[in-house]
There are 2 protein chains.
Amino acid sequence: MVSCPKCNEVSAVQKAGIVRGKQRYCCKSCDFHFTLPDLTTAPQTKRHQVTIVDIAEELGISKSTVSRALRGHTDIHAGTRQMVLDLAQQLEYQPNPLANALLKSKTNTVGIIVPEFRHYFFPATIIGAQEVLSAAGYNVMICQSDESYETEVANVKALMSSRVDGLLVSLSSQTNNFDHFRAVQRRDVPLVFFNRVCPELDTPQVVVEDYAGAFAAVEHLIEQGYRRIAHLTGPSTLQVSHLRLQGYLDALQKHGLVPENELIIHYDLTPEKARIYANYLLSLPQPPDAIFALNDPTAIEIMLVAKARGVKIPQELGVVGFSNDPMSAIIEPPLTTVAQPVHEIGRQAAQLLLEQMNDAPPRRAVLTTQLLVRGSSQLERQKK
Amino acid sequence: MVSCPKCNEVSAVQKAGIVRGKQRYCCKSCDFHFTLPDLTTAPQTKRHQVTIVDIAEELGISKSTVSRALRGHTDIHAGTRQMVLDLAQQLEYQPNPLANALLKSKTNTVGIIVPEFRHYFFPATIIGAQEVLSAAGYNVMICQSDESYETEVANVKALMSSRVDGLLVSLSSQTNNFDHFRAVQRRDVPLVFFNRVCPELDTPQVVVEDYAGAFAAVEHLIEQGYRRIAHLTGPSTLQVSHLRLQGYLDALQKHGLVPENELIIHYDLTPEKARIYANYLLSLPQPPDAIFALNDPTAIEIMLVAKARGVKIPQELGVVGFSNDPMSAIIEPPLTTVAQPVHEIGRQAAQLLLEQMNDAPPRRAVLTTQLLVRGSSQLERQKK
DNA sequence: CTGTTAGCGCTTTCAC
DNA sequence: GTGAAAGCGCTAACAG
């Protein structure tokens with residue numbers, strides 16, 4: 001009645017005891033022990049996940065053999081492998097990644113820490129990073145620091161405790177102590193910064209041409225005829241702030257304009273503060289005739305404040321942002337902005353992380369920016 | 001020279017062999033075995049994570065005792081606990097959650113699947129969900145289905161294989177087969193739908209007053225004097241589409257207006273298609289004088305198309321959206337929209353998931369909506 | 001109060 | 001080719 005799965009012999013098969021309530025058989029011809037796959041009840045067993053032991057017992061072989069078959073080892077009997085593969089499929093076997101993770105100390109998970117994802121920029125970079133990472137077999141855990149140093153430290157701690165295999169980070173605007181990242185490095189966990197990079201640590205990083213982009217933006221404003229150009233930027237701890245400020249300053253200088261301290265404002269990148277400083281700038285005795293903002297959300301807050309005050313854009317105030325947030329194309333007038341390849345930033349960051357995991361030499365990726373001139377700064381054309 | 005950590009006795013301490021290269025001691029007075037904490041070299045050992053065994057050996061006690069001390073068990077000698085706690089801190093011991101996860105079949109991770117996070121809505125819900133989940137000690141894995149059924153199935157599979165403890169899902173616009181979620185239920189993994197909920201499965205879910213919101217929106221348009229009102233909505237498989245359509249239809253009927261098939265369009269919610277159908281509607285022989293859109297991104301695409309065609313909003317075309325995306329306040333004229341509590345949706349979804357994990361009876365949360373009347377639909381005021 | 005033992009699911013020597 | 005056994009880090013009976 002029962003045929004041996006190994007040699008197909010029928011007559012030599014004898015019963016060989018009952019294990020875990022299952023009738024076991026032994027083929028005296030080829031000395032193969034096995035049980036009959038119990039397909040009717042197995043899928044109904046809720047809760048209990050199918051393991052290689054289940055498969056092994058079902059087939060009357062050892063779990064090592066099942067493991068080998070599943071992992072595609074070469075030195076294994078083709079018939080055995082097929083049996084295992086078939087049964088695994090029927091039982092909807094799913095390997096438990098936890099066991100493997102414990103064994104290999106590798107979770108196939110990477111952590112991403114961003115300051116926020118209210119706006120367009122960070123979600124977009126995350127999309128790019130996820131693209132690359134999931135193609136490489138990694139899951140992603142995302143945390144927001146909410147622009148808070150403490151939360152960022154907590155995020156790092158949580159992700160490290162989750163034993164992520166790598167970390168992708170864009171710094172919070174508050175962070176100026178980097179010990180939590182030194183701890184990451186001490187544990188040899190690959191670390192890549194993007195956009196808001198860490199000046200003190202020697203890690204791979206992805207940035208854009210911040211200086212060149214800012215320079216082009218401000219030069220454009222000057223060419224349009226604006227002369228009293230303010231700059232609303234992030235905390236000076238952030239390298240992006242520093243570089244874009246430098247671009248701003250050098251553009252002014254090139255055209256013989258003298259920067260004024262009261263027109264250069266560092267702030268914490270919260271929308272509330274953006275509004276406060278925009279109002280402050282516009283109520284100066286000598287208000288600026290243009291503002292270059294660190295990013296589009298800031299620029300848009302400025303435009304809203306200006307509109308609310310009845311200040312005409314671009315006639316009375318030119319505005320330029322940075323990033324090409326979709327909002328910048330929608331606001332009226334559309335916002336001139338320095339476009340950066342947001343998805344590519346994420347992709348590159350993930351790429352650098354993968355490289356670092358494979359012990360490739362650390363790289364620094366610098367992506368290009370492009371000035372998109374739109375209505376918020378086209379003074380000359382408006383004048384015509 | 002060496003004092004016993006247990007009884008502080010010095011003279012009774014004798015050397016007791018070398019284990020793993022470390023001198024072990026034995027206190028003959030209290031029969032306590034121990035080694036001296038080797039603080040100088042321990043922190044330098046890269047790569048190797050400190051485990052309870054390290055602590056146990058360092059202290060000459062068993063790993064169970066260390067485990068108990070760390071877990072705050074009551075029946076443990078206060079001195080022993082302190083010793084363990086102190087050393088754990090000095091060694092920067094971090095428990096390995098993988099071991100625990102394997103043991104308990106609990107990963108403390110929940111998966112979230114959303115159709116996209118290009119726009120405001122889903123990132124905002126995720127922020128809310130993360131708030132609640134991380135407070136409850138859960139990590140979050142986020143996947144995007146990209147509005148694709150296949151990707152959604154793959155996402156579910158990936159998250160299940162990662163052994164998440166629960167799943168928060170908003171369906172892709174393509175999904176009309178729910179077998180992949182039945183598989184989740186079969187494995188007893190808690191499952192909560194939000195926003196785009198599953199009509200066929202009996203799970204907790206979070207929705208808003210879609211019908212009432214849509215009804216109010218359309219009634220508002222009618223009261224403003226619009227008479228030929230189109231509706232651009234999602235696939236009919238989505239319950240939101242269905243409910244908002246019903247609100248639209250009933251509002252028309254209440255005011256004696258007859259719905260026309262050519263003015264009701266279901267589409268796949270991609271921006272490209274939104275533009276195509278907006279153009280189609282506006283080039284009808286008898287174009288609509290108002291459009292109620294399923295959501296704000298759709299409404300905004302419509303406005304952009306209308307503007308490009310020189311159609312005046314709200315004079316020639318009234319537009320109403322749904323969600324109160326920040327973009328809706330920025331576009332010119334500002335978009336009338338049905339606001340929904342986006343963060344709260346995420347929070348509630350997480351809440352329902354936690355409840356389900358604690359075997360509480362499944363609930364359905366219905367959150368309120370509120371019509372925000374803005375410039376894109378205020379025909380009468382404009383006329384004055 | 002503490003140590004011993006077993007085991008979560010899997011891979012990987014090391015034998016045969 | 002295959003099986004037995006060890007072990008990843010931890011917790012939880014079960015004994016003392």
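Below, chains carry the letters A, B, ... as their sequence lines are ordered, and counting in each starts from 1.
- Judged as a side-chain contact (heavy atoms from CB on, under 4.5 Å), and not counting sequence neighbours, the contacts of B:Ala183 are B:Arg186.
- B:Ala129 approaches B:Leu168 most closely through the heavy-atom pair CB-CD2, 3.9 Å.
- Going from atom CD1 of B:Ile55 over to atom P of D:dG9 covers 13 Å, rounded to whole Å.
- Put simply, CZ on A:Arg71 is 13 Å from P on C:dT13, counting in whole angstrom units.
- Rounded to whole angstrom, the span from the CG atom of A:Asp75 across to the P atom of C:dT12 amounts to 12 Å.
- Atom P of nucleotide D:dG1 and atom CD of A:Gln82 are separated by 16 Å, given to the nearest angstrom.
- The side chain of B:Ser67 contributes an N or O atom lying less than 4.0 Å from OP1 or OP2 of D:dT11.
- Looking at residues two or more places apart in sequence or on another chain, you find a side-chain contact (heavy atoms from CB on, under 4.5 Å) between B:Ser148 and B:Glu150, B:Thr151, B:Gln174.
- With sequence neighbours excluded, the residues satisfying side-chain contact (heavy atoms from CB on, under 4.5 Å) with A:Lys157 are B:Gln94.
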Query raised in the report: Along nucleotides 4-9 of chain C, 5' to 3', which nucleotides get a B, which get an S, and which get a -, given that the test is a protein heavy-atom distance under 4.0 Å?
Result: BBBBBB

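- Residues satisfying the side-chain contact (heavy atoms from CB on, under 4.5 Å) test with A:Ala158, not counting sequence neighbours, are none.
- Atoms NE2 (B:His77) and P (C:dG3) sit 12 Å apart, rounded to a whole Å.
- In terms of the side chain to side chain donor-acceptor pair (under 3.5 Å) criterion, residue partners of B:Arg182 (sequence neighbours excluded) are, by chain and number, B:Asp179, B:Glu200.
- Residue A:Leu70 contributes atom CG, which lies 9 Å from atom P of C:dC10 at whole-angstrom precision.
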